[in-house]
2 protein chains.
Amino acid sequence: MKYRYFIVDDHFMVVEGIRALLQSENSLEFMGSARNAAFCMAELLSKRPDIILMDINLPDKSGFELCKEVKLKYPGTKVIGLSTFNQQSFVKKMLESGADGYILKSADKKEILKAIEMVMRGQIYLDADVSGLLRHPEDREIILTKREKEILVLIAEGLTNSEIADRLFLGSSTVDTHRKHLLLKIGARNSAEMIKIAFQKNLLLLDS
Amino acid sequence: MKYRYFIVDDHFMVVEGIRALLQSENSLEFMGSARNAAFCMAELLSKRPDIILMDINLPDKSGFELCKEVKLKYPGTKVIGLSTFNQQSFVKKMLESGADGYILKSADKKEILKAIEMVMRGQIYLDADVSGLLRHPEDREIILTKREKEILVLIAEGLTNSEIADRLFLGSSTVDTHRKHLLLKIGARNSAEMIKIAFQKNLLLLDS
DNA sequence: ATCTTTATCCCGTAAAAAGGGTATTTTAAT
DNA sequence: ATTAAAATACCCTTTTTACGGGATAAAGAT
């Protein structure tokens, strides 16, 4: 049985790296690659890979969204997430989006092959460095409401409660309450730490 | 003339990608790779590449430091920085550290070859997406003193002035002064915004 | 229909930060 | 040797946050 694989990553070097590593395997067939989510979906109309290696950071869309989309339209297709070490917090989200495995870009050939093999057998493959994270439920996901997220970014912008209140047509005491809830949920002692944790847990994104 | 090149990157896939892309070029010879700064310096004792492709994010040391070290011990060796798009703020630092060029990991074969060629001719090569940044001097670099950096991370940890003072054996008014200078230098209206900008300008790192 | 969450608002006190100064000692640079 | 920059420390005032409590209406979920 020959597995057909497809790669989604905006880093050309990574695409070529995986391809180079796997080209000697005659149980695997390279189907092509895409550098963003839109191009990926377009390619999948004609190409039908058994497995997709997918970066979680894409220029047009997050890996989660693309993964969900793929799984919805092509439920049989397996998806393995791909990322760098400092984005570990995305693992859980990726798995929740339906991914079948997760490896780091520092993975060697052996690990990639193992991951593909396990995933094609219907199992879940997680990188050793990453799987430990899932065993620590103490840092459980922080769920913010729409309003709280909105206020969080304004706090990060340096606005005071009353400025935020004006901006959102609220009473400043309302903003104060939301701020309290944010501190509580995020587990920070003050706004500075809150912003730091927000970045670490990807509640705030660097490139926005 | 055959150029010997060396790769420093902790992402195995990137190393293999570059290698695969360049192996058909008989004007280039692959000398090996290292996954961190220490291993790189060790390898350079025996191997003498003409050019090093170097990731700016290494597990043990930042690319700047490694670049400086390399340039100090082996002044003739050319260095091309390598990074992803969202780390553009590092470009200037990398060049100041003596790098001869800078490309993104999304670069294709043509661009890598062009970069190597130009750099070996003694010129500086900058990726088109990146070079624009250097023409915007309006967001000039923020230079913090050692003490200020130290206090910045403690503020991000959520400590108050007096807690920081205790930790560093200072008066709390001293910490207050440093905090004022930080706000001024970083250009923030309060601590929350300061931490946000600090992350955006890489004064604070996510994975520490 | 009932319960829960979300979003809204208010009061009060205490703690901390923001902002305005000034000033001395140490260190680094020229 | 002189100068400049960094690190240290203090005072004052105002603003903002932090933290305690309680309360109500609307929207969603079960």
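Source: prediction; values computed, not measured. Order of the sequence lines fixes the chain letters, A, B, ..., with proteins taken first and strands second; residue numbering starts at 1 for each chain.
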*Asks:* Tell me the interatomic distance from A/Ile151, atom CD1, to C/dT6, atom C1', rounded to whole angstroms.
*Replies:*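 That distance rounds to 12 Å.
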*Asks:* Which comes earlier along DNA chain C counting from the 5' end, the contact point of A/Asp176 or that of A/His181, where each point is its nearest nucleotide?
*Replies:*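 Looking at DNA chain C, the more 5' nearest nucleotide goes with A/His181.
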*Asks:* Using a 4.0 Å heavy-atom cut-off across all strands, classify A/Thr160 as base, sugar-phosphate, or nothing.
*Replies:*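 Sugar-phosphate, no base atom in range.
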*Asks:* Would you compute the distance between atom CG of B/Asp127 and atom OH of B/Tyr102 and round it to the nearest 0.5 angstrom?
*Replies:*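 One finds 9.5 Å between CG of B/Asp127 and OH of B/Tyr102.
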*Asks:* When you measure from the side chain of B/Arg147, which nucleotide among D/dT17, D/dA7, C/dA17 comes out closest?
*Replies:*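 Given the options D/dT17, D/dA7, C/dA17, the side chain of B/Arg147 is closest to D/dA7.
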*Asks:* Could you please name the option among C/dT6, D/dC10, C/dC9 that lies closest to any side-chain atom of A/Thr177?
*Replies:*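 Looking only at heavy atoms from C-beta outward on A/Thr177, the closest nucleotide is C/dC9.
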*Asks:* Rounded to whole angstroms, how far apart are CZ on B/Arg179 and C1' on C/dG21?
*Replies:*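 One finds 19 Å between C1' of C/dG21 and CZ of B/Arg179, rounded.
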*Asks:* Specify the separation, in whole Å, of atom CG of B/Leu182 and atom C1' of D/dA6.
*Replies:*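 My rounded result for the distance is 13 Å.
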*Asks:* Can you tell me the distance, in whole Å, between the CD atom of A/Glu148 and the P atom of C/dT8?
*Replies:*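 It works out to 10 Å between those atoms.
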*Asks:* What is the distance, to the nearest angstrom, from the CD atom on B/Glu150 to the P atom on D/dT8?
*Replies:*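 In whole Å, D/dT8 P lies 8 Å from B/Glu150 CD.
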*Asks:* Could you point out which residue of A/Asp9, A/Val14, A/Val15 forms a side chain to side chain contact (heavy atoms under 4.5 Å, CB included) with A/Ser33?
*Replies:*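 For A/Ser33, the side chain to side chain contact (heavy atoms under 4.5 Å, CB included) test succeeds with only one of A/Asp9, A/Val14, A/Val15, which is A/Val15.
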*Asks:* How far apart are the C-alpha atoms of B/Lys109 and B/Glu25, what are their side-chain angles, what is the distance that settles it, and do they pass the salt bridge (charged side-chain N to carboxylate O under 4.0 Å, His left out) test?
*Replies:* CA-CA 10 Å; B/Lys109 182 176 172 177; B/Glu25 294 300 309; 3.5 Å; yes
*Asks:* Choosing from C/dT8, D/dA7, C/dA18, which nucleotide comes nearest the side chain of A/Leu170?
*Replies:*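 In terms of side-chain proximity for A/Leu170, the closest of C/dT8, D/dA7, C/dA18 is C/dT8.
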*Asks:* Would you indicate whether the side-chain heavy atoms of B/Leu144 and B/Leu182 approach each other to under 4.5 Å?
*Replies:*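 Yes, at least one pair of side-chain atoms sits under 4.5 Å.
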*Asks:* Let me know the distance between CG of A/Leu183 and P of C/dA16, rounded to the nearest Å.
*Replies:*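 To the nearest whole Å, that distance equals 14 Å.
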*Asks:* Taking the minimum atom-to-atom distance to the side chain of A/Lys180, which one of D/dA7, C/dT8, D/dG21 wins?
*Replies:*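 Nearest nucleotide to the side chain: D/dG21.
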*Asks:* Where each residue is assigned the nucleotide of DNA chain C containing its nearest heavy atom, which of A/Lys185 and A/Phe169 is assigned the position nearer the 5′ end?
*Replies:*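 On the 5' side of the pair lies A/Lys185.
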*Asks:* Describe the nucleic acid contact of B/His178 in one word from base, sugar-phosphate, nothing, applying a heavy-atom distance below 4.0 Å.
*Replies:*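 Base, at least one base heavy atom under 4.0 Å.
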*Asks:* Rounded to whole angstrom units, what separation is found between the CG atom of B/Asn161 and the P atom of D/dT17?
*Replies:*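 In whole Å, D/dT17 P and B/Asn161 CG are 16 Å from each other.
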*Asks:* How long is the span from the OG1 atom in A/Thr174 to the CZ atom in A/Arg147, to the nearest 0.5 Å?
*Replies:*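 Those atoms lie 9.0 Å apart.
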*Asks:* Ignoring hydrogens and geometry, is there a side-chain-to-backbone donor-acceptor pair from A/Asn161 to A/Ile164 under 3.5 Å?
*Replies:*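 The answer is no, because no donor-acceptor pair under 3.5 Å joins these two groups.
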*Asks:* Look at the side-chain N and O atoms of B/Ser173 and state whether any lies under 4.0 Å from the OP1 or OP2 oxygen of D/dC10.
*Replies:*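 Yes, such a contact exists.
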*Asks:* Determine whether a donor-acceptor pair (one donor, one acceptor, N or O, separation below 3.5 Å) exists between the side chain of B/Thr174 and the base of D/dC10.
*Replies:*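 Flag unset: no donor-acceptor pair detected.
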*Asks:* If the cut-off is 4.0 Å, is A/Arg189 near the phosphate of D/dA18, judged by side-chain N/O to OP1 or OP2?
*Replies:*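 Checking A/Arg189 against D/dA18: no side-chain N or O falls below 4.0 Å of OP1 or OP2.
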*Asks:* Rounded to whole angstrom units, what separation is found between the CD1 atom of A/Ile195 and the P atom of D/dT17?
*Replies:*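 In whole Å, D/dT17 P lies 12 Å from A/Ile195 CD1.
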*Asks:* Indicate whether OP1 or OP2 belonging to C/dA7 is found under 4.0 Å from a side-chain N or O atom of A/Thr145.
*Replies:*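 True: A/Thr145 side-chain N/O within range (under 4.0 Å) of C/dA7 OP1/OP2.
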*Asks:* Mind checking B/Asn190 for me? I need base, sugar-phosphate or nothing, with any heavy atom below 4.0 Å counting as a touch.
*Replies:*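 Contact class for B/Asn190: sugar-phosphate only.
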